[in-house]
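Before any comments, here is the structure.
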Amino acid sequence: MPQEDKPARDRVQEPREERYDAQRIEQKWGERWLSDPSLYAAEAHPTKPKYYVLEMLPYPSGALHMGHVRNYAIGDALARYMWMNGYNVLHPMGWDSFGLPAENAAIKNNTPPKQWTLSNIAAMKAQMKRLGFAYDWSREVTTCLPDYYRWNQWFFLKFYEAGLAYRKSSRVNWCPQCATVLANEQVVGGMCWRHEDQLVEQRELEQWFLRITKYADELLRDLQKLDGWPEKVRVMQQNWIGRSQGTLVDFDLGGTVGPAGSTITIFTTRVDTIFGATSLQLAPQHPIVCDLIERNAELRAQVEELIAEQRRAKEAGDIGAIEKHGVFTGRYAKNPFNGEAVPVWVANYILMDYGTGAIMSVPAHDERDFEFAKKYGLELRVVILPQSSDPEETMAEPQLPFTTEDGILVNSGEFSGLNCEDAITQMSARAAEKGFGKATVAFRLKDWGISRQRYWGTPIPMVYCDKDGLVPVAEKDLPVILPDNVPVTLAGGSPLASVPSFLNTTCPKCGGPAKRETDTMDTFVDSSWYFYRYTDAQNDKAPFDSAKVAYWFPIDQYIGGVEHAILHLIYSRFWTKFMRDIGLVTNDEPAARLFTQGMVIKDGAKMSKSLGNVVSPDEMVARYGADATRMYSLFAAPPDRDLDWQESGIEGIQRFLGRVYRFYLRNPVPTIEAAATGPASETKPLSAPARALQRKLHQTIKRVSTDFQGRWHFNTCISAIMELVNEVYSSSAEEARSAGEIPVSLISEVQRDIALLLAPMAPYLAHELWEMAGQTSNLLKAPWPKYDPALAAEDEIEIPVQVNGKLRGLVIVGAGASEDDIKQAARADEKVRAALAGKQVVKVIVVPKKLVNIVVK
RNA sequence: GCGAGAGUGGCGGAAUUGGCAGACGCACCAGACUUAGGAUCUGGCGGGUAAAACCGUGGGGGUUCGAGUCCCCCCUUUCGCACCA
């Protein structure tokens, strides 16, 4: 017998042997895993259920931060759990590797963007491997390499063929610091998404756009299907798309401005109030206003001041609170419904980029118009009355503005007496019939401007020929290679324009001399479809094989930060719908389920260099090991909440892992098992401490499994495993063990199961423990343990006894005790009897297996 | 202003359907083992009390035998949107 009389903890004192050496264990298994590149490989399988788990691909900035680690620890835990549950798991990783930081670095360090990017990728890939993330690297996607970006170009041509890529000159967002155009989605509160202090300017430029607005309705409608997405993200997208049903109405300018018959078209959702319109309000940037100020210097100055006010409000980050100002133009326009001439104003609260940039002002029935009219003494005219009011009384003393849609029209000619809803329908119909307007839908969503005046991006495959005009590059000539050795600066427009060997080409149509488009694509193009490429990453004939996509898609679980709720997640939904329409895929949406993990913060703030509160994953791995680093990021908070990084917390996890490790060291089951001869003692009923341990084991498996299936609260999974380990260590268990009361077979079972339970969250140590438990199979795909509800059930239950809702005693009853038994036991309890003394029992409530409440008076 | 979260010990956080509030971890305190302990193992740990009683889940009401959990009002805070006509 290897055991002596003394408890195991007294037996040895071997700090060296007993120390949990994460670095040694992680190096050992890291080498084994690296030697088998096919370990995490996945191929379509005829019968196994598939599971595509995906974390958002990183930008290769040079080093992972804790937010990455948290993101990937969640995804990796899920992937490993699904493997163990028999799924055919696809778990890939790649690099969103085009973009401005590479150019900035190039300027700063005089390193070519490509070299900088690729060496960053190498460094970060090494970090990921060190952290033990189980990615199928054979499917790695690097968006800045021609074998990927050629398909961006191919897709662009498909969009162009379909009439969904077009070039137009328009006012676009310009960030002076980025020295390039930004998409609307990249402008946050009037500021650049990369430069929070940089006000975005408007410039008139020729740009390429993708017609995402074609899908506006479907993008909105299908949000309903995405019940596996966070409500928050769906709401954000809904707001971004901003669908609004309304009416366009033309107001005739009577030839006083512009050519005869010119009109101002307004957009309104409340055409039912049009008889109450007492002015028109135009955005300062409205084309009619531009015409007007050309010949009126005074007006020009006033309008410019309005624009300046808008800008100042944006800079202050508070557009909503701008004080309303306006200027009367001196002109009038005719309301087509009643023929009335209403004054035309220009106002700073009207936005050029929504609706038509012109509104009718109905001060009696709109808060903003009311405020404006009061300020400038404009007329208020009541045209809607509350349903239930007395008309005379209301008209005598109207409570304005009255804005609800639940009212009756008055003073509205033939439409008087209609309710608002019917009036909107009938008046829109009338406008259409008479040719001065129509019902319409306005969207906040605009087409996606994808041109960037930058070097480090996908060249747009178009050519300008003097003879043939705009000509697409032929598919067979793709990719249009992004040249190396391009001088990069942040001044003077597209860097590619200064590279003659790139710029000068021949026309695909006529063969004559021609010039290439020198803008590159927004990097959000790259990430709009990269996850399809993972299914067939090596394909050089097509972006992917549709059959492979059909097998793997939709993504079963997509995991990333909420900061992409609008940008990436709306573009990639759009891209999917387009691919479906050209027959490449059959799914309507890319991802069935989306999970947005919380941020990693420290000392109450997001980790950032400027605050100096950044924790480096490398340092944590070196100090505590990859397992502890990953596990702490799962333990410190539920994954959807922000995580407050505390160094002492990761120490606690390291301590826990060491505690688990020592349990295996001190109880070398394979040795004991081999030494044990004769019939196993398992047929005997288990001793009480053995039964307690067995019960805890099955309860733990149940808790961890339930959490993995459902709500992903890995913090409580880990707590549960800690409780199990505490049970293993508890003195009763330990003494019982040394007294031989715990059968070796049970110890062995516990050791196998703890390794299995830890495998998704601390894979290195789990593999080591699996081996220490005498197992030789590959833990990665070892079956997830099953719990037996009978074994998890308590034999006896402790039932709290309340008197008038206050805890007065605890009684222990058998698990199968009847209500009467419980009642009796409760009233027999000494403390309960004391609390009941002299009182009259009114009622006794027994909740089986939960509690007893005795109501007295 | 609108929308979506959150508010529980000294700290991170548990409490899945209304049923023992504070699991688990950190910090702290004590003990054991030690030449040593920033190792390990064990115990304690919401406030309050000598011990009880009693008080405790942002505040105030309510429903209920029973509320962190459900309903109403309010406060604070994070995030998103914000004159969207």
Side-chain angles (χ1 to χ4, degrees), chain A residues 7-10 13 15 18-19 188-189 230-236 238-240 242-244 246 266-270 273 281 310 313 318-324 347-351 353-362 366-369 371-372 442-444 562-563 565-566 598-599 632 635-638 640-653 655-656 658-659 662 703 706-707 710-711 713 715-723 725-726 729-731 734 798-807 809-810 842-845 847 849-856:
Chain A
R9 64 169 182 270
D10 296 334
Q13 211 240 322
E18 285 225 317
R19 201 169 73 89
V188 181
E231 176 69 13
K232 180 186 181 146
V233 172
R234 290 194 287 170
V235 169
M236 283 167 75
Q238 190 182 319
N239 292 340
W240 185 259
R243 185 181 197 277
S244 175
I266 60 101
F267 174 76
T268 179
T269 56
R270 293 297 303 276
T273 65
Q281 303 290 342
Q310 286 185 338
D318 201 6
I319 312 166
I322 189 171
E323 198 188 330
K324 290 181 178 48
N348 61 0
Y349 70 100
I350 307 302
L351 307 173
D353 54 9
Y354 185 76
T356 58
I359 64 153
M360 63 176 190
S361 175
V362 185
D366 181 281
E367 298 273 1
R368 297 154 300 183
D369 296 346
E371 189 189 326
F372 189 85
F443 287 97
R444 219 185 85 112
V562 75
E563 66 272 17
I566 306 276
M599 286 189 306
Y632 177 65
F635 178 68
D640 51 339
R641 289 231 292 232
D642 285 352
L643 183 159
D644 188 34
W645 190 272
Q646 296 184 0
E647 184 112 3
S648 58
I650 190 173
E651 284 172 18
I653 290 291
R655 210 171 295 159
F656 163 68
R659 201 164 143 86
R662 280 186 297 276
R703 280 176 64 182
T706 312
D707 246 323
R711 50 178 205 167
H713 280 195
N715 53 334
T716 59
C717 288
I718 295 168
S719 298
I721 301 172
M722 285 173 168
E723 284 183 48
V725 172
N726 288 346
Y729 266 85
S730 77
S731 59
E734 191 152 327
E798 201 181 44
I799 304 233
V801 184
Q802 297 178 336
V803 176
N804 280 355
K806 299 214 184 233
L807 183 67
L810 288 168
V842 178
K843 195 169 166 189
V844 179
I845 291 147
V847 185
K849 301 188 178 187
K850 282 279 158 78
L851 105 174
V852 178
N853 189 11
I854 302 172
V855 187
V856 299

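Letters A, B, ... mirror the listed sequences (proteins, then strands); counts begin at 1.
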### Query
What base-paired stems does RNA chain B take part in, with at least 3 consecutive Watson-Crick or G-U wobble pairs and both distances under 3.5 Å?
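The stems that RNA chain B takes part in, listed by first number, are B:1-7 with B:75-81, B:10-12 with B:24-26, B:28-32 with B:40-44, B:58-62 with B:70-74.
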
Heavy atoms under 4.0 Å, any strand shown: does [X] hit a base, just sugar-phosphate, or nothing?
X        : answer
A:Val235 : sugar-phosphate
A:Ile653 : nothing
A:Gly355 : nothing
A:Glu798 : base

At less than 4.0 Å, is any side-chain N or O atom of [X] found next to OP1 or OP2 of [N]? Yes or no.
X        : N     : result
A:Asn726 : B:G25 : yes
A:Arg444 : B:C81 : no
A:Arg234 : B:C81 : no
A:Ser361 : B:A85 : no
A:Lys849 : B:C20 : no

### Query
What interatomic distance, in whole Å, is found between P of B:C41 and the corresponding atom of B:G47?
26 Å

#### Entry: Letter per nucleotide, 5' to 3', of nucleotides 10-17 of chain B [B base touched, S only sugar-phosphate touched, - untouched; heavy atoms, 4.0 Å]
-SBSSSS-

Rounded interatomic separation in angstrom, taking [atom1] from [X] and [atom2] from [N]:
X        : N     : atom1 : atom2 : answer
A:Ile350 : B:A85 : CD1   : P     : 11 Å
A:Leu810 : B:G19 : CG    : P     : 17 Å
A:Arg655 : B:C41 : CZ    : C1'   : 13 Å
A:Lys232 : B:A6  : NZ    : C1'   : 11 Å
A:Glu651 : B:U40 : CD    : P     : 10 Å

Distances under 3.5 Å only, N/O to N/O: pair up the protein atoms with those of nucleotides 62-66 of chain B.
from  : atom 1 : to       : atom 2 : distance (Å)
B:C65 : O2'    : A:Asn853 : ND2    : 3.2
B:C65 : O2     : A:Asn853 : ND2    : 2.6

